[in-house]
Amino acid sequence: MKSNTIRKVAIVGYNRIPFARANTAYSNVGNKEMMIAAFNGLIDKYNLKGKLLGEVAGGAVIKHTYDNNLIRESVMQTSLDPATPACDLQQACDTGIESAIYIANKIALGQIDSGIAGGVDSISDMPIAVSEKLRKILLEARQAKSLGGKIKTFLKLRPKDLSPLVPRNEESQTGLSMGGHTEITAKYYKISREEQDEFALKSHLNMAKAYDEGFFDDMITPFNGLEKDNNLRRDSTIEKLAKLKPAFDKVNGTLTAGNSTPLTDGASCILLASEEWAKEQGLPILAYITFAEIAAIEYVKNQQNLLLAPLFAASRMLEKAELNLQDFDYYEIHEAFAAQTLATLKIWESPELSAEIGLKKPLGAIDRNKLNVKGSSLAAAHPFAATGGRIIGVMAKLLNEKGSGKGLISICAAGGQGVTMIIEK
């Protein structure tokens, strides 16, 4: 094959385990167990046992030190050919979709014929660190030549040095949590509490309907006693959501536990391939990944911007694809918070807001009946690195069932970054 030949990249499979709110169904398992379960479900579903794939890529946002080779170690404990290489990637909440882009690019360039992209995160099994002083003393004691030297080193410790350090869900440059930033976003763009609650309710209702219709039956492998996402609230109502107290700005806030994603455990993966490989294996071509774009945005001075980088990714991607925002049959926008998704839609629709944030032009309004039609992160919840695989899988199945069309995916991430993708059938 000529090196300048770009091949089409097919999505041929998907699988995930149910997502679980932190410290519930998966409180006694970690990243590796969940990732292996998601991989095994995919392997069983698509007859990959013993197969040598081109590569497996994925990662976790929150990892123990012993998870440093997480994806390769997970692959080695599945029934894939153990010669299948693997690597860890990490880009906050974009980890899953960036892993898919990594594998897709290798397939497109002819470097590999098939691969799996995945992601996993466990908040329940969160690593706990020791204080910096205790860490340094432990290292110093390890270097001591005698028992007396070790004891002398440990005598430097004070009770406060023994306090554990739990990872904090905040931006290091601002000291604000993602929810804290999004509170600023909601106020800045005038996104009301009522709008947020209505948007969250629709996510739950759409996902409940999708479960009832059997949409997720072939997408999810039961794990650890859980068969469905346990964050889904079938009985949610506007009245119940309205009673919830603000979660971040306790006095004047509009973000609540009901219109924000909770801390979550879970894993997902997708199977990508060239058309030739898929046909040789007798696997269906569900859809194709055709375009993707990454962007970043300044959010330290402009703290309302943290989760708005996909605005720029979408604008650049659509220009390259020579498409308009309205040219899509489905839209999947990650619902980290209702406010962030609604702000994205509002900026797209407003010439003034688009110009203010620095876009060349407003992309315009979309048909909201085509948005997150099977529910999204507010209902399913959000295990950081696993969300990309969930969303790509849903979009591929939607387009495959329709038989044709285009879908746009948008995922925001910590660090003021975001990824967009176009999937076509």
Side-chain angles (χ1 to χ4, degrees), residues 9 11 14 16 57-61 87-108 115-121 171 178 181-182 261 268-270 272 287-299 305-321 323 325 328 330-337 340-341 343-345 347-348 357-359 363 366 371-372 376-377 380 382-396 399 406-424:
V9 179
I11 303 170
Y14 42 66
R16 68 181 178 93
V61 176
C87 73
D88 280 27
L89 302 175
Q90 200 262 53
Q91 194 182 69
C93 307
D94 288 337
T95 298
I97 191 169
E98 275 288 88
S99 299
I101 293 169
Y102 172 89
I103 293 293
N105 285 343
K106 286 197 168 188
I107 292 169
I116 296 172
V120 59
D121 261 298
E171 296 293 328
M178 200 174 288
H181 273 278
T182 308
T261 51
S268 70
C269 53
I270 58 170
L272 303 177
Y288 298 94
I289 296 175
T290 55
F291 290 87
E293 190 81 20
I294 178 76
I297 193 170
E298 197 290 317
Y299 66 92
N305 284 348
L306 179 68
L307 300 181
L308 300 181
L311 289 163
F312 293 89
S315 182
R316 296 200 294 256
M317 182 180 71
L318 291 172
E319 187 174 353
K320 291 174 183 177
L323 291 170
L325 184 60
F328 295 88
Y330 300 106
Y331 303 86
E332 282 288 328
I333 301 178
H334 164 45
E335 302 165 347
F337 304 88
Q340 146 264 325
T341 312
T344 296
L345 298 173
I347 295 167
W348 274 345
I357 203 170
L359 295 174
L363 297 184
I366 66 169
L371 173 63
N372 297 349
S376 193
S377 305
H382 174 41
F384 305 127
T387 287
R390 178 189 66 78
I391 287 178
I392 291 171
V394 167
M395 182 64 82
L399 292 172
K406 298 180 180 69
L408 183 143
I409 290 172
S410 171
I411 301 179
C412 59
Q417 300 193 95
V419 179
T420 55
M421 177 181 283
I422 294 174
I423 295 179
E424 301 185 50

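We use all heavy atoms of the structure for the numbers below, so side chains are in, but hydrogens, waters and symmetry mates are not.
Residue pairs satisfying the salt bridge (Lys or Arg N to Asp or Glu O under 4.0 Å) criterion with at least one member in residues 91-103, sequence neighbours excluded, are absent. Applying the side-chain hydrogen bond (donor to acceptor under 3.5 Å, both in side chains) definition to pairs two or more places apart or across chains, those involving residues 305-319 are E293-R316, E319-K360.
Between G118 and S99, the shortest heavy-atom distance links the atoms O-OG, 3.8 Å. Here the shortest heavy-atom pairing between L272 and A104 reads CD1-N, 4.0 Å. The shortest heavy-atom contact between I357 and F312 is O-CZ, 3.2 Å. Taking every heavy atom of both residues into account, S268 and A386 meet most closely at OG-O, 2.6 Å. Nearest heavy atoms, L89 versus T95: O-CG2, 3.4 Å. The shortest non-hydrogen separation linking A57 to Y102 is CB-CD2, 3.5 Å.
Atoms NE2 and OG1, from H334 and T420 in turn, are 14.5 Å apart once rounded to the nearest 0.5 Å.
With a 4.5 Å cut-off on side-chain heavy atoms, I270 and I116 do not count as touching. Looking at heavy atoms from C-beta onward, I422 lies in side-chain contact with L323 at the 4.5 angstrom threshold. For the pair L399/E424, no side-chain contact is recorded, criterion being any heavy-atom separation below 4.5 Å from C-beta on. Considering only heavy atoms from C-beta on, L345 comes within 4.5 Å of I333 through its side chain. Annotation: side chain of E332 is not in contact with side chain of I423 (no heavy-atom distance under 4.5 Å). Considering only heavy atoms from C-beta on, I347 comes within 4.5 Å of L359 through its side chain. Considering only heavy atoms from C-beta on, F291 stays 4.5 Å or farther from L318 through its side chain.
Here T261 pairs with S377, L378, H382 under the side-chain contact (heavy atoms from CB on, under 4.5 Å) rule; sequence neighbours left out. Y288 pairs by the side-chain hydrogen bond (donor to acceptor under 3.5 Å, both in side chains) definition with E275, not counting sequence neighbours. The ring-ring contact (aromatic ring centres under 6.0 Å, His included) test applied to Y299 returns H181, not counting sequence neighbours. Residues meeting the side-chain hydrogen bond (donor to acceptor under 3.5 Å, both in side chains) test with E335, sequence neighbours left out: S203, N372. With sequence neighbours excluded, the residues that form a side-chain contact (heavy atoms from CB on, under 4.5 Å) with A380 are F19, M207, D229, R390.
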List the steps, then state whether side chain to side chain contact (heavy atoms under 4.5 Å, CB included) holds for Y331 with L325. CA-CA 10 Å; Y331 303 86; L325 184 60; 4.0 Å; yes
I294 vs Q91, test: side chain to side chain contact (heavy atoms under 4.5 Å, CB included). Steps then yes/no. CA-CA 11 Å; I294 178 76; Q91 194 182 69; 3.3 Å; yes
Considering only distance and modelled atom types, tabulate donor-acceptor pairs under 3.5 Å from the side chains of residues 406-419, sequence neighbours left out.
none

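A donor-acceptor pair under 3.5 Å links the side-chain atoms of D121 to the main chain of A385, judged by distance alone.
With 3.5 Å as the limit, one finds no donor-acceptor pair spanning the side chains of Q340 and T182.
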